[in-house]
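None of the values given here were measured: they were computed from a predicted structure.
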Amino acid sequence: MLRQCAVWVLKRTRAGRGCRRYGSCSPSASGDTGEARAYFTTPIFYVNAAPHIGHLYSALLADALCRHRRLRVPGSASTRFSTGTDEHGLKIQQAAATAGLAPIELCDRVSAQFSQLFREAAISSTDFIRTTEARHRLAVQHFWGVLEARGLLYKGIYEGWYCASDECFLPEAKVTRQVGPSGDPCPVSLESGHPVSWTKEENYIFKLSQFREPLQRWLRNNPQAITPEPFHQAVLQWLEEELPDLSVSRRSSHLHWGIPVPGDDSQTIYVWLDALVNYLTVVGYPDADFKSWWPATSHIIGKDILKFHAIYWPALLLGAGLRPPHRICVHSHWTVSGQKMSKSLGNVVDPRTCLDRYTVDGFRYFLLRQGVPNWDCDYYDEKVVKLLDSELADALGGLLNRCTAYRINPSGTYPSFCDACFPSEPGLTGPSVRVQAEDYALVNAVGTLPKLVAGYYNDFQIYKALEAISSCVRQTNGFVQRHAPWKLTWESPEDARWLGTVLHVALECLRVFGTLLQPVTPNLADKLLSRLGVSTTERGLGDLYFLPRFYGHPCPFEGRKLGPDTGLLFPRLDQSRTRLVKAHRT
């Protein structure tokens, strides 16, 4: 999906003018790989704590990409989207013991919280996987057997630093000392700041060191494999360093909550190997059909797990005779009022509270509009209210209200376009011409908007796509304000032609905005398009014609009755509701 090829197709009229149509040359939704299928994944989320807005942000990014692909390539059979929960490992084992629960009880409880959140947030996943499922255990043990059969696993003494919080081993260079609660210096991970302990065990070890050059070749030959670009460069920089072999099991006497090594119950498979294989489990691995989905895969991940997905996972796949994923899309984190979210600070934002206060579509829009993958983004309540009131309630909702209100559109229809009032050639004059130069700029901006938005989705820049849509909404409001249709009357023939044209152009712009907003605000977009009388079969991207009358084509909506008025598109959020969210958090 992220490298789809969008094109403009010109349809000729008898006069020789072209009508812009948004379509696609569709090599695949997964990119320029020639694959017919696309598979999107979020990380599977660790169940040691309840979900927060960072988890929801990962899911929303994947959801928007997947929904955009479905609008481009109709039919559910060619697109899959998985999310789920990671339920094994020492951290889960310890958290369950602290809570006085069996590990599976803790997993059931927290996994249900993630599943419920994603349902409430309208995440359109096709699979929710749990690593405690039997299908996943089968896939992991088969994958292990393939690595073993290919001579890539050996048993040896593994000695080094281990971080239980991050579930990873660390070289000496990645460990530093910080003053602990007792006042003494304690070893911690240089990257995460979490405590580490020295570990010496006999484990199974994966020959990761053999894959340094193959990984470098993969990344250099595929400059879009990891996006945004700074993360691609960071992985190449890591690969300039020594790549030691990787311990891929733990003593079962120390870690019993996991999948046993096949044929050796004294060892438990390393939680990251276990977790990463979920991406194969979902598409049916080890059954042969999984190859029709792999590697047409886009992983959407947070920057904190980049090394596992960009080094360990591709190396394991290459070791198993499989290709690396098509693309790894990396995003940064959310802070709260400039501070990192943490339980100790008491500033962890409950995403379900936000969905309730700001509506599902409102909070989806906020996170995807404000979230920038390249750097950390800041959350605070006032920012949400200001953005949603400005862009959804006032700009977009106000525009729709203006153009559909009974006073200005008493017939409740899609009015006719008059090409004498709005000729397709700029600079023409005549008694009926009322168009201004800025109006042609609007037509060009909205006409090219679908292609621009597609490019931003290709480049994993959904926030820029929403910025571009918002800019065109402002331009359209300027167009309506400039021509003040409320000052015109339907009783005057001259006024009526221009009044109808102004409303026609504005409604056409709204139709484009509603179509393009479907991946981000599905319910709001449905409400907008239904108000315009656009049927569910007329909402795809493949046949999105903008203002066909301007190009000499008939418009299927002209003269059509508008849909029912169901009230404000997006009610304004008041400050009292913002204070309620603050009170809830404190």
message = Could you measure the distance from the OG1 atom of Thr281 to the CZ atom of Arg130? Nearest 0.5 Å is fine.
response =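 Output value for this atom pair is 14.5 Å.
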Next on the checklist: Is the ring pair Tyr279/Trp313 parallel, tilted or perpendicular, if the boundaries are 30 and 60 degrees?
Outcome noted: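 If you compare the ring of Tyr279 with that of Trp313, the planes turn out tilted.
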State plainly whether the residues Lys383 and Asp378 are in salt-bridge range, i.e. N to O under 4.0 Å.
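Looking at Lys383 and Asp378, the cut-off is not met.
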- prompt: Are Lys340 and Asp376 within salt-bridge range, i.e. N to O under 4.0 Å?
  reply: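 Salt bridge absent between Lys340 and Asp376.
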Considering only heavy atoms from C-beta outward, does the side chain of Trp161 approach that of Trp198 to under 4.5 Å?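 Yes. Closest side-chain heavy atoms under 4.5 Å.
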Worksheet item: Do Thr79 and Phe40 come close enough that some side-chain heavy atom pair is under 4.5 Å?
Response: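 A side-chain contact exists here, since the closest heavy-atom pair is under 4.5 Å.
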[X]-[Y] side chain donor-acceptor pair, cut-off 3.5 Å:
X      : Y      : result
Asp274 : His136 : yes
Glu87  : Thr85  : yes
Tyr358 : Asp356 : no
Tyr270 : Asn203 : no

Problem - Phe211: partners by ring-ring contact (aromatic ring centres under 6.0 Å, His included), with sequence neighbours left out - result: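 ring-ring contact (aromatic ring centres under 6.0 Å, His included) list for Phe211, sorted by chain: Phe206.
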Quiz item: Within a radius of less than 6.0 Å around CZ of Arg109, do more than 12 heavy atoms belonging to other residues, nucleotides or ligands occur?
Solution: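 Counting neighbours around CZ of Arg109, 12 or fewer heavy atoms of other residues, nucleotides or ligands fall under 6.0 Å, so no.
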>> Surrounding NZ of Lys155 (heavy atoms of other residues, nucleotides or ligands, distance under 6.0 Å), is the total greater than 12?
In response: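 Check passes, neighbour count above 12.
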| query | Where the side chain of Asp63 meets the backbone of Ala59, is there a donor-acceptor pair that is under 3.5 Å apart? | reply |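 Such a contact is absent between Asp63 side chain and Ala59 backbone.
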### Message
I want to check a possible cation-pi pair here: Arg250 against Tyr162, using under 6.0 Å from ring centre and within 45° of the ring axis as the test.
### Response
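Yes, a cation-pi geometry.
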Report task. List the atom of Pro522, the atom of Arg364, and the distance in Å for their closest heavy-atom pair. Result ->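 What the structure gives for the nearest pair is CD-NE, 3.6 Å.
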Locate the shortest heavy-atom distance separating Leu516 from Pro519; write the atom from each residue and the value.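 Of all heavy-atom pairs spanning Leu516 and Pro519, the closest is O-CD, 3.2 Å.
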Leu117, Asp86, Thr83 screened by side chain to side chain contact (heavy atoms under 4.5 Å, CB included) with Phe45, the one that passes
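The residue from Leu117, Asp86, Thr83 that satisfies side chain to side chain contact (heavy atoms under 4.5 Å, CB included) with Phe45 turns out to be Thr83.
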